[in-house]
Amino acid sequence: MAKAKKHSFKAETQKVLSILTHSLYTNREIFLRELLSNASDALDKLRFLQSRGETIRDAGLPLEIRIHADKEKNILEISDSGLGMTEKELVENLGTIAKSGSEQFIRDMTASGDAPADAAGENAAGATAANAAADPENNGPRDQETAETPPSTADIIGRFGIGFYSVFMVAEAVDVISLPALGNEGAHTWSSSGAGSFSVKELDETTEGDENAMPRRGTRIRIRLKEDAKEFLEKYRLEAVIRKHSNFLSFPIYLDDERVNTTPALWREPKFSISPQQYTDFYSYLTYDDKPPLDYIHLSVDAPVQFNALIFIPDSPQDFFGERQGDWGLDLYVRRVLIERSNSELVPQYLAFLKGVVDTEDLPLNISRETLQENILLRKISQTIVKQLLKHLEKMAESDSGKYEAFWRLHGKYFKFAFNDYLQRDHVAPLMRFSSSASDKGELISLDQYLGRARAGQKEIWHVAAPTPEAARVNPYMERFRRKGIEVLYLLEPVDEFALESLGKYKDHPFKSVERAEAADLEAFPDLDEAAPTAQGLSPEEKASLEPLLERMRAILGDRVKEIRVSDRISGSPAVLVSPEGVSSSMEKLIRVMQKDESIPQKILEINPEHPLFRSLLRILAAKADTDLIPDFINSLFDNVQLLDGYLGDPHLMADRNLKLISKAASWYAELPSS
C-alpha cells in the first residue's frame, strides 16, 4: 500500500469550511442533493465524451448512481460510474474550495469547439451535472436509458465549486475513492475530516469486500456519519430526500439495489411522445390527487427565458381563501433539481389553483442553490406562463365550452381577480362568465354572448349584485328590466362587482348597475307584450293624501332615512332604499366591511305610491289619520325594505311589530261574514 501524501487546503480553509458546514445551507438533507448532482454530472460528462468517440475504461458499464447504507459500520456510500478523477483532479477540485471541476470541463470543451459557449456549471467534486441540454426545438432531453438526442454539456448543474463540502454537515470523515474513465491512471483515495487538511493516496489493487476497494470506474464517496446524523442511514429518510430534491435526475438512482427515481421528468420529454395516461399519472404523482386533471398545458419556451413547464388545471375545487391562503404556486426546478416547492412568483394569485413544475437553465441562484439571487428572470417566466395559459383557455372556451364552463365553476372565483392584471385584462374580460336574468337553468354566459342578444340600441351592460340568483330575481330594481326585456348579469360574488367597476367597459359598452339606472336610460325601449300591466294612477283623493302620508313617514322614521321621495325606478314593489353616494348597495356594504363600520347607513327611501300597500295606507290616513296602525305599517315596511337591502335593525322590535300586524289581520279576517 502506497504511503499517503499530506496536503493543506488552500485559502482560509478552516473558516470557510465552518461557514459551509454551519451557515450556508438551511437544511442538512441538502448534502445528499449536492452529492447526487455531482454524481449525475460525472455521468453526463462521461456520456458526452463517449459521444465524441473517446476511449472509455470499461465502456460496457451502465451509467448509474448507487447508494448503500451500512448501519453496523455507520457508513453511507454514494457511487457513480461516471468520469472519475485523477490524483491531480482530486487535489485541485477537492482541495481548493470554490474550484469547479465542471466549470473547467465546460471551458475546456468550449475552447475545443465541442460545447456551447454559454454553458455554465458547478461541481466541487469535479463530478456534477443534470442532463443533456434541450434540443433546438425545445422538446427537452430524454431519459438516459431511452435517449435519442445527442448528449450536451449545456445544463450541467454545478457552478460554484462548494456543493461537495456540504457533506461535512453530517460527516465525521469522508473518503472519496475515484478511478478515472480516461487514460490508464489507477485509483486514488481523497480523505478528510473537514478540519483543515486532507490526504490523497494511491490504491494498489482492488480487493473484493475491502471497504477501500476501487470502483470499476467513476467515484465512490464513503461518509462516516456523525452521531446526530444517523437518520440518513434509514431507507425511508434517504428515499424521501431523493424524491424531494433529485427524483428527476436523468440517470437511475439505486438505493440498496432498488431504483428510487422511477418517475421521468415528463416536462422535458417531447410532447408527441407522451400519452394522456402518462400526463394523468404524473399529475397523480405530483399532487396525490386520485382524480385526473381537468386539463394540462405543456410548454417548451426558448425566449425571453429558456424553460420547460408542465402545468395542470385540477378537476376539483381548491381553497386558497382559508387555511391554505399563501400555500400555492408551481414547483421550481433548475436543471431537474428542485429549488423550491410552490413558488408563488411563478404565477399570479388569480392562477393559484394551478399545479405543476417549471424547469429552467437560466435562473441565477445564490451560492447554496436554495434561493434566487434576483427575480427579474422569474418575472419573465411568470409573464410567459400567464400569456400561454390565457391563450390555452381561449382555445378551450372556443372548442370545448362544456370543459370551459367546468373550469369556470371550479376556479372562476380565483380567476376573476385577473381584472387586476392590467397587462392581460383585454384577454381576461372575454373569458369571464356570469349567470344572468335570461339563464333560467343557471347557464353561464360570456360578455360577448350578452352583447350578441342585447336589445337594439342598448349601450350599457347592466348588472345586479346579489348573493343568489333567487335574490337577484326579486330585487326591486329588476322590475323595469323585466318589463323592457333587457338582460341583466347576476354578480353573485363580491369580486364580480369590483371586477366590472375596474374594467369600466367592454368593447365600448359601459358596465352599469341596475340601481343606477335612470328612467331616461330605459324609456327608449318599449315594454314587452307579455309584460305585466302598469298600475292605474292615483285618484284625486289619493293624491291629496300623498304629501300628508310622506310627512307622517318622515316623522315616524326620523333620522333612520336621509330622505323620502316618490320613485320612478320601481313598479311592482312598494319601496326601495337608494344610496345617496350613487354606489350600489352591495359595493357600499363591501366598503363598510373594509372600514370595519358595522352601523346601518342612512339612505334615501323611495316609495311607489301606486302599489296596493300605499293605496291602502292613503285610504286609512284619509279615514282615520290618528290611528296607531300607520306607525306599525310604516315601521314594518321599513324593516322589510332594509332587510332586502342587506341590513337588519333590531330583530326583537321587528318581530314584535310583525306579530301585532299578523294578529290584527287574523282578527279582521275572522270577523268577515261567512260566504
Side-chain angles (χ1 to χ4, degrees), residues 348 350 383 386-387 389-399 401 404-405 407-408 412-413 415-439 443-466 472 475 477-528 568-569 578-579 581-588 590-591:
Y350 64 83
Q383 290 167 1
V386 170
K387 187 181 299 183
L389 184 74
L390 292 179
K391 288 181 181 178
H392 185 80
L393 292 176
E394 287 170 359
K395 291 179 182 177
M396 185 197 299
E398 291 174 6
S399 62
S401 58
Y404 186 78
E405 182 166 329
F407 156 76
W408 187 264
K413 62 181 178 180
F415 189 75
K416 291 172 184 177
F417 284 94
F419 74 87
N420 276 324
D421 190 341
Y422 292 95
L423 292 176
Q424 302 295 342
R425 61 194 314 173
D426 290 341
H427 297 284
V428 168
L431 293 170
M432 299 183 76
R433 296 293 184 267
F434 304 89
S435 296
S436 84
S437 57
S439 306
E443 303 94 339
L444 300 177
I445 68 165
S446 67
L447 295 175
D448 287 311
Q449 288 174 304
Y450 178 93
L451 292 176
R453 57 199 196 195
R455 297 204 63 176
Q458 180 182 337
K459 299 296 183 184
E460 296 85 356
I461 299 176
W462 295 101
H463 59 81
V464 61
N475 187 298
Y477 292 103
M478 289 291 295
E479 295 164 1
R480 287 186 300 169
F481 290 86
R482 280 194 295 269
R483 191 170 70 244
K484 300 290 185 180
I486 296 176
E487 187 174 8
V488 177
L489 298 178
Y490 290 168
L491 309 187
L492 304 179
E493 296 181 5
V495 65
D496 292 342
E497 197 164 7
F498 277 112
L500 297 192
E501 288 289 335
S502 177
L503 291 173
K505 62 182 179 180
Y506 181 69
K507 295 183 177 179
D508 294 326
H509 292 269
F511 296 107
K512 195 168 183 180
S513 169
V514 296
E515 297 183 31
R516 294 162 56 193
E518 303 293 339
D521 294 330
L522 304 179
E523 63 185 9
F525 304 102
D527 291 353
L528 299 180
D568 63 356
R569 306 169 189 265
V578 179
S579 174
E581 284 77 22
V583 298
S584 68
S585 58
S586 59
M587 183 65 74
E588 184 181 54
L590 287 171
I591 293 171

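- Sequence neighbours left out, the pairs with a member in residues 449-462 that pass salt bridge (charged side-chain N to carboxylate O under 4.0 Å, His left out) are R453-E487.
- Legend: residues meeting side-chain hydrogen bond (donor to acceptor under 3.5 Å, both in side chains) with N420, ordered by chain and number and at least two apart, are absent.
- The shortest non-hydrogen separation linking R480 to D568 is NH1-O, 3.4 Å.
- For the atom pair L491 CG and L500 CG, the distance stands at 5.5 Å (nearest 0.5 Å).
- Using cut-offs of 30° and 60° for the angle between ring planes, the Y350 and F415 rings count as perpendicular.
- Taking both residues in full, the closest heavy atoms of Y422 and S502 are given as OH-OG, 4.1 Å, listed atom of the first, atom of the second, then distance.
- Note: I486 CD1 to I461 CD1 = 13.0 Å, rounded to the nearest 0.5 Å.
- Using a 4.5 Å heavy-atom threshold, the side chains of V386 and D421 count as touching.
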Original post:
Would K484 and D527 satisfy side chain to side chain contact (heavy atoms under 4.5 Å, CB included), going step by step from the backbone distance to the final call?
Top reply: CA-CA 5 Å; K484 300 290 185 180; D527 291 353; 3.1 Å; yes
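- At distances below 3.5 Å, at least one donor-acceptor pair connects side-chain atoms of S399 with backbone N or O atoms of K395.
- To the nearest 0.5 Å, the span separating CZ on F525 from CD on Q458 amounts to 5.5 Å.
- Nearest heavy-atom pair, S446 versus P430, reported as atom, atom and distance to 0.1 Å: CB-O, 4.2 Å.
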**OP:** In sequence, state the C-alpha distance, the side-chain angles, and the governing distance for Y477 and V464, and then conclude on side chain to side chain contact (heavy atoms under 4.5 Å, CB included).
**Re:** CA-CA 9 Å; Y477 292 103; V464 61; 5.8 Å; no
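- Here D521 does not pair with R516 in a salt bridge; the nearest charged N to carboxylate O distance is not below 4.0 Å.
- Without hydrogens or angle criteria, S435 side chain to Y490 main chain gives no donor-acceptor distance under 3.5 Å.
- Annotation for L431 and W408: closest pair O-CZ3, 3.5 Å, computed over non-hydrogen atoms.
- No side-chain donor-acceptor contact under 3.5 Å links R433 to the backbone of Y404.
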**OP:** Mind running side chain to side chain contact (heavy atoms under 4.5 Å, CB included) on V578 and E515 for me, showing each step along the way?
**Re:** CA-CA 8 Å; V578 179; E515 297 183 31; over 6 Å; no
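- Residue H463 holds its NE2 atom at 6.0 Å from CD of E497, rounded to the nearest 0.5 Å.
- Between the NE2 atom of H427 and the CG atom of L389 there is a distance of 12.5 Å, given to the nearest 0.5 Å.
- The pair K413-E493 does not meet the salt-bridge criterion, since no charged nitrogen lies less than 4.0 angstrom from a carboxylate oxygen.
- Here the CG-CG distance, from L503 to L447, works out to 8.0 Å after rounding to the nearest 0.5 Å.
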